[in-house]
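Here's the structure we're looking at; comments come further down.
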Amino acid sequence: MDGHTHSTSDRRELQMARSMCWHCQSEVSGEYFCDRCVKVQPVSKELDYFTCFGIPRRLSIDQQQLETKFYELSRAFHPDFYQNKSGAEQTISLGNSAMLNTAYRTLRDPIQRAEYLLDLEAGAVKEIRTTPPADLFEEILELQDTLNEVRASDRTSDAAASLRAALQSKRATLEQRQRDMEAQIQQLFGQWDALQDRGDATEQARAERTRILKEMRDILSNRTYVKNIVNDLVATIA
Amino acid sequence: MARIVGIDLGTTNSLVAYMDKGTPRVIAGRHERAMVPSVVALTDNGLIVGDPAKEHLTRSPERTVYSVKRFMGKALADVQNELAYFPYTLTEKGGVIRIALGEKTYSPPQISAMILKELKLRAEAFLGESITKAVITGPAYFNDSQRQATKDAGMIAGLEVLRIINEPTAASLAYGLQEKTQGTIAVYDLGGGTFDISILKLKNGIFEVLATNGDTHLGGDDFDRLIADLFLADIQQQFGLDLNAYPDHMQGLRLEAERAKIRLSDELKTTAALDLPEGKGRFTRELTREQVEALCTALVERTLGPCRLALKDAGLSPTDIDEVVLVGGSTRMPLVRQRVQALFGTQPHCDLNPDEVVALGAAVQADILSGGTTDMLLLDVTPLSLGIETMGGVMSSLIRRNTTIPAGAKEMFTTYVDGQTGVDIHILQGERELAKDNRSLARFRLKVPPLPAGVPRIEVTFLIDANGILNVMAKDMRTGDTQSIDVKPSYGLSDQEVERMIEDSFKFAADDVSARKLIEARLDAGALLTTTEKSLSDGGQLVSPEDVAAIRSALAAVAAAKDGNDPRAIRARMAELEQAAKSLTVAMLDDSLKKGLQGKKVSELT
Ligand SMILES: Nc1ncnc2c1ncn2[C@@H]1O[C@H](COP(=O)(O)OP(=O)(O)O)[C@@H](O)[C@H]1O
Ligand SMILES: [Mg+2]
């Protein structure tokens with residue numbers, strides 16, 4: 001970390017700082033427990049997962065640190081420790097724990113983390129691709145045909161067996177392709193993080209930011225497409 | 001805070017445990033046995049539970065319920081293909097199985113509640129305080145309906161169920177407490193009726209479940225059936241007798257099959273025997289471990305699939321597992337141990353008694369909830385994906401299996417038709433694509449203000465709590481109003497039904513207590529009659545004939561009272577008999593003292 005924080009999270013921290021304790025109405029400053037009455041505070045819905053874990057909004061993250069923080073926050077929020085508390089506190093504990101678990105699951109996985117970051121930075125990404133990525137167009141059309149043939153064929157026939165063998169080799173190719181895309185994303189992770197670390201506010205930096213986000217979005221949606229095809233393929237062979 | 005006990009509500013056996021200054025201990029009943037067989041029998045003197053009920057399995061099989069856990073949270077259609085194995089009658093009312101006992105029918109939670117009440121009484125007698133709160137265990141692979149049914153059982157038994165905890169994770173708590181283990185462990189739990197596998201990461205007091213899987217219909221009962229079927233065919237062949245027509249003998253056969261199976265865990269060869277009806281004599285058959293293993297191997301293999309799936313979901317390979325913990329009576333089978341060892345490539349652990357470890361873990365969790373243990377925390381997962389039915393009868397997943405609980409998901413709903421005032425939502429649990437192939441959990445109708453199509457925005461929150469039980473909330477995003485939702489469970493008791501069963505259970509409780517008092521009074525009277533008669537024949541000559549006559553008439557009075565139904569009358573006659581026999585008792589004591597002295601003299605003389 002280098003002390004720079006992204007402007008959006010600065011704003012969010014400010015928002016948090018201005019909130020009041022639901023119980024004693026005193027000011028709560030960014031932490032999850034009221035300084036005065038020590039009651040647990042609901043994690044704001046506005047709070048992003050990175051801020052929740054107290055880590056900078058970067059794509060390469062220290063898994064060990066993430067886990068340690070997850071365990072620490074679990075100890076703070078888990079309903080097991082609120083059994084003797086008021087109903088209001090139990091409700092907060094339940095909501096906070098559920099939120100924390102979602103946040104951890106999202107940040108722990110690089111793909112989900114990237115999708116989440118894109119969502120934060122550039123709005124919803126989950127546009128579902130319905131046509132194959134350009135460079136795979138031919139290959140995937142061919143594959144779709146083979147899949148249909150297999151489904152229509154008698155499972156025990158020789159023809160079906162050779163079709164299945166063909167599918168197995170296609171599967172290997174596609175899975176390799178998936179891995180390549182994941183490697184590409186990892187590269188973009190590095191570029192994104194470097195850009196954030198520099199913290200420039202120039203025109204050029206903005207263009208760079210847009211480019212990285214767009215590339216990431218394209219790769220992610222291609223990857224989802226390929227992944228779905230592979231799932232389909234596996235289900236058909238099985 | 002009032003004491004919370006931990007209860008293992010098993011298919012075959014149930015136990016209660018408590019935390020004794022940092023150490024979990026099971027509570028034993030009479031004869032030092034901690035396990036209460038999960039059996040409930042209807043006798044002429046009312047309902048009885050546990051060991052005495054087990055004796056009725058062969059005496060009145062149609063009125064003796066065992067393995068009721070197999071029916072928790074189920075509809076009759078779910079268990080159709082095994083009905084033939086149960087001698088008691090199952091029916092259905094409103095999607096819930098009912099078990100006929102005499103004139104009445106009971107839901108599985110009510111039967112389970114009777115077992116829970118027995119454990120509650122046992123804990124109260126031992127701890128000398130009233131027990132109203134409990135942590136109850138259930139198989140990790142239990143779905144929402146089965147968990148809810150377990151919670152209902154607790155409520156009917158007069159227990160506030162503070163947590164439903166998964167059996168394998170409970171076991172891991174007991175182990176973790178003992179060993180202060182770190183690393184990745186697999187808990188393999190094979191009991192009488194269910195199988196669970198859980199993979200956990202243990203680190204600095206956090207027990208994080210990475211994945212779980214299982215089969216809620218696989219266990220020792222199934223092994224017993226295969227062995228019993230073998231015997232059945234033999235009997236048919238040798239004696240031309242179809243034992244199916246004799247429910248009491250069928251139970252005898254099942255129990256003999258189980259005993260043979262258990263012996264073969266230690267021995268290589270054994271002989272099973274059963275007296276046959278219709279004066280057909282006695283069936284005996286030699287059985288080897290090899291034969292039983294051949295029969296059961298396919299079932300044992302069936303446990304390995306879920307193990308592999310759990311590993312896959314955890315993103316691990318067998319070599320990543322540092323330790324394997326065995327839980328449940330069926331893991332005593334050498335075949336099971338071999339297979340588990342072969343899969344994980346590591347010698348399984350079984351330092352703690354596999355019968356008790358789940359209850360011990362439940363007591364640890366109870367202590368965590370009461371604030372006693374603060375350094376341990378269990379982070380469990382939901383075993384099955386949760387979703388809703390969407391257009392075309394497809395399930396859309398909202399919370400994936402193996403998501404850490406508590407877990408939440410939000411979904412926005414709107415309308416398709418102008419002025420539409422409701423949206424029907426169907427909640428499902430399972431891993432299949434189509435709604436109809438998954439378990440229907442509940443349906444409800446979301447209320448929507450009449451507006452043009454697409455304008456209403458209702459946010460529904462699905463929240464799986466730490467018990468693995470679903471809660472649903474809805475909020476109108478335009479007004480900010482929250483809506484309470486009346487969820488109708490597809491398979492389970494409504495709140496009102498549970499309420500009524502709680503009331504009924506108080507009525508049974510009164511019946512039960514008087515039945516118990518009567519049984520105990522009769523037993524005590526029997527013992528007193530025997531000892532007094534013996535004294536009379538040994539020492540009758542030591543007292544006056546009038547005394548003898550008085551004792552005889554008091555004896556007759558006790559015997560008569562014992563045949564009646566009033567425990568207080570029995571106790572009163574017993575007191576009178578003791579009074580009447582006092583002279584005899586004193587005379588015999590004197591006599592034996594005298595003899596003792598004489599004996600001494602004799603020995604001194606020689
Ligand atoms: N030594 C043994 N060998 C094989 N099976 C055993 C042995 N001891 C107990 N069992 C079986 O274990 C099952 C009961 O295990 P338990 O863990 O008490 O079950 P549950 O948790 O389902 O109540 C029964 O099917 C019983 O036959
Ligand atoms: Mg068990």
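Because only heavy atoms are used, hydrogens play no part in the values below, and waters and symmetry mates are left out as well, while side chains stay in. Within every chain, numbering begins at 1; the chains are lettered A, B, ... in the order of the sequence lines, protein sequences first and strands thereafter.
Looking only at side-chain heavy atoms (C-beta outward), B/I206 and A/R75 come within less than 4.5 Å of each other. When side chains are defined from C-beta on, B/D465 counts as touching A/L94, because their heavy atoms get closer than 4.5 Å. Side-chain contact between B/K201 and A/E67 is present, with at least one heavy-atom pair separated by less than 4.5 Å. The side-chain heavy atoms of A/H78 and B/L378, taken from C-beta on, include no pair separated by under 4.5 Å. Put simply, the side chain of A/Y104 does not reach to within 4.5 Å of the side chain of B/L379, judged on heavy atoms. Counting heavy atoms from C-beta outward, B/L377 and A/Y71 have side chains that stay 4.5 Å or more apart.
For A/Q168, the CD atom is densely surrounded, since the number of other residues' heavy atoms within 6.0 Å is greater than 12. Counting heavy atoms of neighbouring residues, nucleotides and ligands inside a 6.0 Å radius, atom CZ of B/R432 does not exceed 12 of them.
Neither the backbone nor the side chain of B/T461 comes within less than 4.5 Å of any heavy atom in chain A. For a residue to count as touching a neighbouring chain, one of its non-hydrogen atoms must lie under 4.5 Å from one of that chain's; by this rule A/R105 touches chain B with the side chain only. Neither the backbone nor the side chain of A/F77 has a heavy atom closer than 4.5 Å to any heavy atom of chain B. Neither the backbone nor the side chain of A/Y82 has a heavy atom closer than 4.5 Å to any heavy atom of chain B. Looking at B/I399, there are no atoms closer than 4.5 Å to chain A (heavy atoms on both sides), in backbone or side chain. Only the side chain of A/T102 has a heavy atom closer than 4.5 Å to any heavy atom of chain B.
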(request) Under the side-chain contact (heavy atoms from CB on, under 4.5 Å) rule, what do B/R163 and A/D80 come out as? Steps first, then yes or no, please. (result) CA-CA 9 Å; B/R163 182 60 49 83; A/D80 276 10; 2.4 Å; yes

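Expressed to the nearest 0.5 Å, how far CZ of A/F81 lies from CG of B/L369 amounts to 9.0 Å.
A donor-acceptor pair is defined here as one N or O able to donate and one able to accept, closer than 3.5 Å; no such pair exists between the side chain of A/N84 and the backbone of B/G371.
In terms of non-hydrogen atom pairs under 4.5 Å with chain B, the most contact-rich of A/G95, A/S74, A/S93 is A/S74. Interface remark: of the candidates B/N471, B/T374, B/T403, B/T403 forms the most heavy-atom pairs closer than 4.5 Å to chain A.
Nearest heavy atoms, A/A98 versus B/G408: CB-N, 3.8 Å.
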